[in-house]
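See structure below.
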Amino acid sequence: MSSRRQYPFDLIEPKWQRAWDAEQTFRAFNPGESVPDGHPFGVRHSVAGKPASAAQLPPKFYIRDMFPYPSGAGLHVGHPEGYTATDILARYRRAKGFNVLHPMGWDSFGLPAEQYAVKTGQHPRVTTEANIANFTRQIKSLGFSYDWSRELATTDPEYFRWTQWIFLQLYNAWFNPETNRAEPISTLKFPEELDGARLSEPQQATPEAASTNSESATAQAAGCGSESRAPGDLESRRRAFRDSKRLAYVSEQPVWWCEDLGTVLANEEVVDGKSEVGGFPVVRKPMRQWVLRITAFAERLLADLDTIEWTDSLKEMQRNWIGRSEGAEVDFPLLMASGGRFQPGGPDDERIRVFTTRPDTLFGATYMVLSPEHKLVEQIVPQEWPSGTPDAWKGQRKYQPAITVVESATAGQIAFGMVKADLNGLVPTPEALKVMTAERAIRFRAVPVYYRESTLIVAISNPADLDMMDSLRNELSVENLEFRVASESDIERILVDFYGAKPSLKPSPREAVAAYRTYASGKSDLERTELAKEKTGVFTGAYAINPVNGEKIPIWIADYVLASYGTGAIMAVPGHDSRDLEFARKFDLPVRVVVQAPAGKDSIGFLDDGVAVNSDFLNGLPTAEAKAKITAWLEAKGLGKKTINYKLRDWLFSRQRYWGEPFPIVWRRDASGQPYHEGLPESALPLLPPALTDYKPTASGEPPLARAKDWVSLPDGAVREVNTMPQWAGSCWYYLRYLDAKNGNAFVSKEAESYWMGSLSTLNSQLSTKSTPGVDLYVGGTEHAVLHLLYARFWHKVLFDLGHVSTTEPFFKLVNQGLILGEDGQKMSKSRGNVVNPDDVLVEFGADAFRLYEMFMGPLQDTKPWNTRGVEGVYRFLGRVWRLFIEEKSETAFEQAQTVATQPDADLLDHLVMNGTIADVSATPAQLKVLHACIKKVTEDLDHLRFNTAISAMMVFVNEANGWQTRPFSVMRTFLQLLAPFAPHLAEELWARLHRTFGQNPPSLGYAEWPSYDPALLVESEMEIPVSVNGKHRDVIRVSADADNATIEATARRAEKAQPFLEGKTVRKVIIVPKKMVNIVVG
RNA sequence: GCCGGUGUGGCGAAAUGGCAGACGCACGGGACUUAAAAUCCCGGGACGGUAAUACGUCGUGCGGGUUCGAGUCCCGCCACCGGCACCA
């Protein structure tokens, strides 16, 4: 650790931060805004002291960071990595003559503040504001050139009024599949039976959007199905129909419920069956929720990825998440077990519709599987098993508590063992739970823990759960915890008592199916992934007919088929699908080869494209042709059609929390008492959350907002929606608010939007570098790949369709910064104790060194470990820069003055004197060459985001300049311009001093024109060219720069060190790459 | 399992198909100093060789290939990191 400061950054850095603040140096000006007199931006672009129109302003450059959640822990060194990169580019672009928009704000709604509020009763706003203040202090101490006048926080009512406004835009719009875009709900046409006013006119039935389950499900829930209703409630039905089409709609679907967080979560927030935040268990639970129709935009979200510059991996993540697959829907007619045709509710129910991407394997479909939740299940199950049904198909439980010893001890209080039991059909019965409760059964993190006769019995099936034992020990305050293996009877007790298992055959298909459905729905996703390594399922007793060959095939239910994908049903082709094969093997179902694998590969289980066999009229066709032929055949017969499916689900948009945006929605009841919702008028915004003293959910499990009875109930009898929006809402559009952050009349003005988002950029392209539309550069971590970045693209497209923004995409270029690891090469975390706090680094080395090191570590996108010695290295470099400019003797005087001074004072810096080696003389050619090489490298590297090599180029310059007896003013001045984006405080201080020393008024460094290099100065009169013999490097020759090939060849042939390799050999060929190398090929 | 990315000194890393290891860290030597720190200068891929030079051989995860020439391009592996994961 250095005992003495390399240079007085502690005085320099606050001094310039104050100056930039006071002079509003980095204010970005909107079209129509008046630029203050004398502001350096106005001076540079001749718009000072007057309002500048969009055409008078220089081209825009909009560069942004992902705004942070202001946590109580403060900034860590990962945050400023991206911030530094964008700040360097912002400063560089300003110098290049762009109007740079570089803002910062706060994603300030969030769980920690709310959890603190639940515990202490303190309003989350208090915590949030304190954290914002701390983050602001930390970020400002790094000297970033943000335009702080545009600072925003998603928790600010003046911000979230527009978040609510955008929600209303979604609420009042629908997706028109014919135009493939969002339109105002007023353009929605009612189907004929609801269009009472114009029954005589011919009406197009509203076409279904690309088949999304949510859509058809809600449409049916809303009652617009085929069954007719009394004409009296036509109005209600019209409303229900309209509500079912909105981009923001209410759905009763099963959602991920997290008990520990007390809220539901979106699919994207659930990772490995646990909540992304906190890692708590989640379960599937049907609830009424607000959902946004992102699936309607799946195709455009996918297609437009081709129009933006993101990394391949990021685009790929989004593609995977959207998960488009092409295939066919095929109808399988039902057959009753008795052999008669099935006729429950009408013509639509006579078949089961499946989705498959391999219609060419239809002849290999030997059974069908429905998801346990499939709506047809109950209707198709017969009273009795068909004769000859194997016992294994009847849902027989066949658990063998095969106990694998994991760890053991004697005479302990806790016994546990690994259960490898097939829990098929087993669920904790209410009776069993009562018994368990009486005996102090507890559920610990979804794992049953059973206390009986002074012994805790823990059945686990995953070695990973061993980690749990420590927490369990703490939680139970059991000391001297010892382990022993659970005995077989221990396990038996858990299975019988907890799961209510009885080793008996299910007596009827109905019971077997009911038991399996309960089992499947009761499993949390955690249990599903950890316990269900083996396939489970049960035969329904019903059969269907394979439409291509008339075969009778059994229908099963199994939880490996998801209700939420495709049609919730599949045709199983065990010959060519690994999951179906696994299932077929377990239950002894027939396997048939219908695709011939290439020679040498087994056709059973062959998943790739091959040639159709055993498939009647498809035989001999390659897979692609077989697909086309069978699809056409199905369509001609009316048995199926080509279909596209997506993995993407609609976006669950409501949370049961206090600290989020309230929905601008009220609920009323129609004449028949049916509740319906209504959007608030814009004039009611912002809708503020009510004041509460208790932030917990209500006793009846309603969200916290329900506690505010006065707030919830309106005088006219309506009640407010009590859910709130998720944290992602505010971050979906903040990049638009920055453009016009103080606008009270609109979320952004048209002028600001079109200028900054680049629709106007073609109007003023006086610079060769053209502006990109949208955000020019967005830098942030990969963790938002499918959350924020997908949601924001979706909102942007809706706003675009509705005419509120002018570009189809928000972020045209995006770069992911790499993770910074701790000094031990591990991910930084409190528990590892390897977290580096930027505050500490700043105290010791200053902001400039910190910034420089963050960039010097390696390429921005790479993951790399922190190394404090590395900071010292760049800090030393800055010290060398300092000493190039400052007379060392004057430093002694300065230090003495500083010791005497009672408090730090920037005036003390005036004791410093410029280094006497700097003189206003013309530079030597060698000096110019060093400088211009540096300009070239730094400029080119900045254009390609190669900060680390730009810094090393400056180090090379400093190492050279260090040896100069005389340092020309002009050269040193230009160098400071190159340094300024990286180490702005030091550069500003030296810039000011340098100019004053030479009797000049320092021009604004931030807006001084970026230096350009003269290629002529870089040309060598002589050059060194490596000489190779047979591709091996042997010598280096010197020739004049304009030497022709003949001269080069002759010189190379004479090269001394090459001689031993040429002697006695015939030269077959001489390859000369101009200015690069010579290769002599001998034989 | 599928998709994407990355493998170069003791470490972070450089290298439009053309002298591998720029720059920095750590390390070693020297100057300055009573001494240390700081600073300045010099040296560091490995092996062989030499008093030290010189010089030679090998060397960019592994195995092949294309090329006068490969860290870079192609084919096949291996390892690590990230994402997805019963999506029909």
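Every chain is numbered from 1 and lettered A, B, ... according to where its sequence line falls, protein lines coming before strand lines. These numbers were taken from a predicted model, which means no experiment stands behind them.
- Each of A/Glu888 and A/Ser952 was matched to the nucleotide of RNA chain B holding its nearest heavy atom; the match closer to the 5' end belongs to A/Ser952.
- Separation of the P atoms belonging to B/rG43 and B/rC77 is 46 Å when rounded to the nearest angstrom.
- Applying the ring pair (Phe, Tyr, Trp, His ring centres under 6.0 Å) test to A/Tyr853 and every residue at least two apart in sequence or in another chain returns A/Trp866.
- Between the C1' atom of B/rG4 and the CG atom of A/Asn320 lies a distance of 9 Å, rounded to the nearest Å.
- Put simply, NZ on A/Lys535 is 5 Å from C1' on B/rC86, counting in whole angstrom units.
- The nearest whole Å value for the distance from the CD atom in A/Gln318 to the P atom in B/rG4 is 16 Å.
- Base orientation at B/rG7 is anti, since its O4'-C1' glycosidic dihedral falls outside 90° of 0.
- If you check every strand for non-hydrogen atoms under 4.0 Å, A/Gly873 touches sugar and phosphate atoms only.
- Under the rule for a ring pair (Phe, Tyr, Trp, His ring centres under 6.0 Å), the partners of A/Phe957 that lie at least two apart in sequence or sit in another chain are A/Trp964, A/Phe975.
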For nucleotides 9-19 of chain B, list the nitrogen or oxygen atoms of the protein found under 3.5 Å from its nitrogen or oxygen atoms, one pair per line.
unit_1, atom_1, unit_2, atom_2, d
B/rG12, O2', A/Met857, O, 2.4
B/rA13, O3', A/Asn948, ND2, 3.4
B/rA14, OP1, A/Asn948, ND2, 2.9
B/rU16, O4, A/Lys1076, NZ, 3.4

Atom pairs, N/O to N/O, protein against nucleotides 54-60 of chain B, distance under 3.5 Å?
unit_1, atom_1, unit_2, atom_2, d
B/rC55, OP1, A/Lys1057, NZ, 3.1
B/rU57, OP2, A/Arg1034, NH1, 3.3

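- The minimum heavy-atom distance between A/Val561 and A/Pro372, with the atom names listed, is O-CD, 4.0 Å.
- Nucleotides B/rG44 and B/rG83, compared at atom C1', are 41 Å apart to the nearest Å.
- Computed from coordinates, the A/Met954 CE to B/rA22 P distance equals 19 Å when rounded to whole Å.
- Enclosure of atom NZ in A/Lys315 by more than 12 non-hydrogen atoms of other residues, nucleotides or ligands within 6.0 angstrom is indicated.
- A/Thr311 comes within contact range of no nucleotide atom at all, as no heavy-atom separation falls under 4.0 Å.
- Between A/Lys1069 and A/Phe355, it is A/Lys1069 whose nearest contact on RNA chain B lies nearer the 5' terminus.
- Remark: A/Lys627 does not engage A/Glu326 in a salt bridge, criterion side-chain N to carboxylate O under 4.0 Å.
- Within 4.0 Å of A/Asn962, counting heavy atoms only, lie sugar-phosphate atoms of the nucleic acid but no base atom.
- One can place CD of A/Glu316 at 15 Å from C1' of B/rA85, the figure rounded to the nearest angstrom.
- Rounded to an integer number of Å, the gap from CZ of A/Arg353 to C1' of B/rA88 is 16 Å.
- Of the candidates B/rG24, B/rA88, B/rC41, B/rG24 carries the atom nearest the A/Met955 side chain, counting heavy atoms from C-beta on.
- With P as the reference atom, B/rA14 and B/rU8 are 12 Å apart, rounded to whole Å.
- Counting only Watson-Crick or G-U wobble pairs whose defining distances are both under 3.5 Å, the stems of 3 or more consecutive pairs in RNA chain B are B:1-7 with B:78-84, B:10-12 with B:23-25, B:27-31 with B:39-43, B:45-48 with B:55-58, B:61-65 with B:73-77.
- Only the C1' atoms considered, B/rG18 is 39 Å distant from B/rC2, to the nearest whole Å.
- Rounded to the nearest Å, the gap between the C1' atom of B/rC27 and that of B/rG45 is 14 Å.
- Listed by residue number, there are no residues of residues 359-371 of chain A with a heavy-atom contact under 4.0 Å to RNA chain B.
- Note on A/Gln6: a side-chain N or O is less than 4.0 Å away from OP1 or OP2 of B/rU39.
- No contact: A/Val573 has no heavy atom under 4.0 Å from any strand.
- Separation of the P atoms belonging to B/rG7 and B/rG61 is 8 Å when rounded to the nearest angstrom.
- A/Asp577 is linked by a salt bridge (charged side-chain N to carboxylate O under 4.0 Å, His left out) to A/Arg579, counting only residues two or more places apart in sequence or in another chain.
- Within 6.0 Å of CD in A/Glu888 there are 12 or fewer heavy atoms belonging to other residues, nucleotides or ligands.
- Inspection of the A/Arg883 and A/Asn962 side chains reveals no N or O donor paired with an N or O acceptor under 3.5 Å.
- Looking at heavy-atom distances under 4.0 Å, A/Arg880 makes contact with sugar-phosphate atoms alone, never a base.
- Qualifying side-chain contact (heavy atoms from CB on, under 4.5 Å) partners for A/Arg585, counting only residues two or more places apart in sequence or in other chains: A/Leu581, A/Ile604.
- Under the side-chain contact (heavy atoms from CB on, under 4.5 Å) criterion, A/Glu1024 pairs with A/Val1036, A/Arg1038, sequence neighbours left out.
- For A/Pro8, the side-chain contact (heavy atoms from CB on, under 4.5 Å) partners two or more places apart in sequence, or in a different chain, are A/Asp10, A/Ile12, A/Trp882, A/Phe894, A/Leu909.
- Rounded to the nearest 0.5 angstrom, A/Lys647 NZ and A/Arg319 CZ are separated by 13.5 Å.
- For A/Thr311, the side-chain contact (heavy atoms from CB on, under 4.5 Å) partners are A/Ser313, A/Leu314, A/Asn816, not counting sequence neighbours.
- In textbook terms, a nucleotide whose glycosidic angle is within 90° of 0 is syn, while B/rG24, being further out, is anti.
- Judged as a salt bridge (charged side-chain N to carboxylate O under 4.0 Å, His left out), and not counting sequence neighbours, the contacts of A/Glu895 are A/Arg4.
- The same atom, P, is picked in B/rU72 and in B/rU16; the two are 13 Å apart, to the nearest Å.
- For the pair A/Lys535 and A/Tyr560, the cation-pi test (distance below 6.0 Å, angle within 45°) is passed.
- If you measure from atom CG of A/Leu787 to atom P of B/rG83, you get 12 Å, rounded to the nearest angstrom.
- Taking atom CH2 of A/Trp882 as the reference point, atom C1' of B/rA38 lies 17 Å away to the nearest angstrom.
- B/rG65 and B/rU50 are spaced 36 Å apart, taking the P atom of each and rounding to whole Å.
- A/Asn959 has no side-chain polar atom (N or O) that falls below the 4.0 Å cut-off from OP1 or OP2 of B/rC40.
- A cation-pi arrangement is present between A/Arg1034 and A/Phe1061, with the terminal nitrogen or guanidinium carbon under 6.0 Å from the aromatic centre and inside a 45° cone about the axis.
- Close to B/rA37, at under 4.0 Å from its OP1 or OP2, lies no side-chain N or O of A/Arg876.
- Here A/Asp650 contributes atom CG and A/Ser564 contributes atom OG; the two are 11.5 Å apart, rounded to the nearest 0.5 Å.
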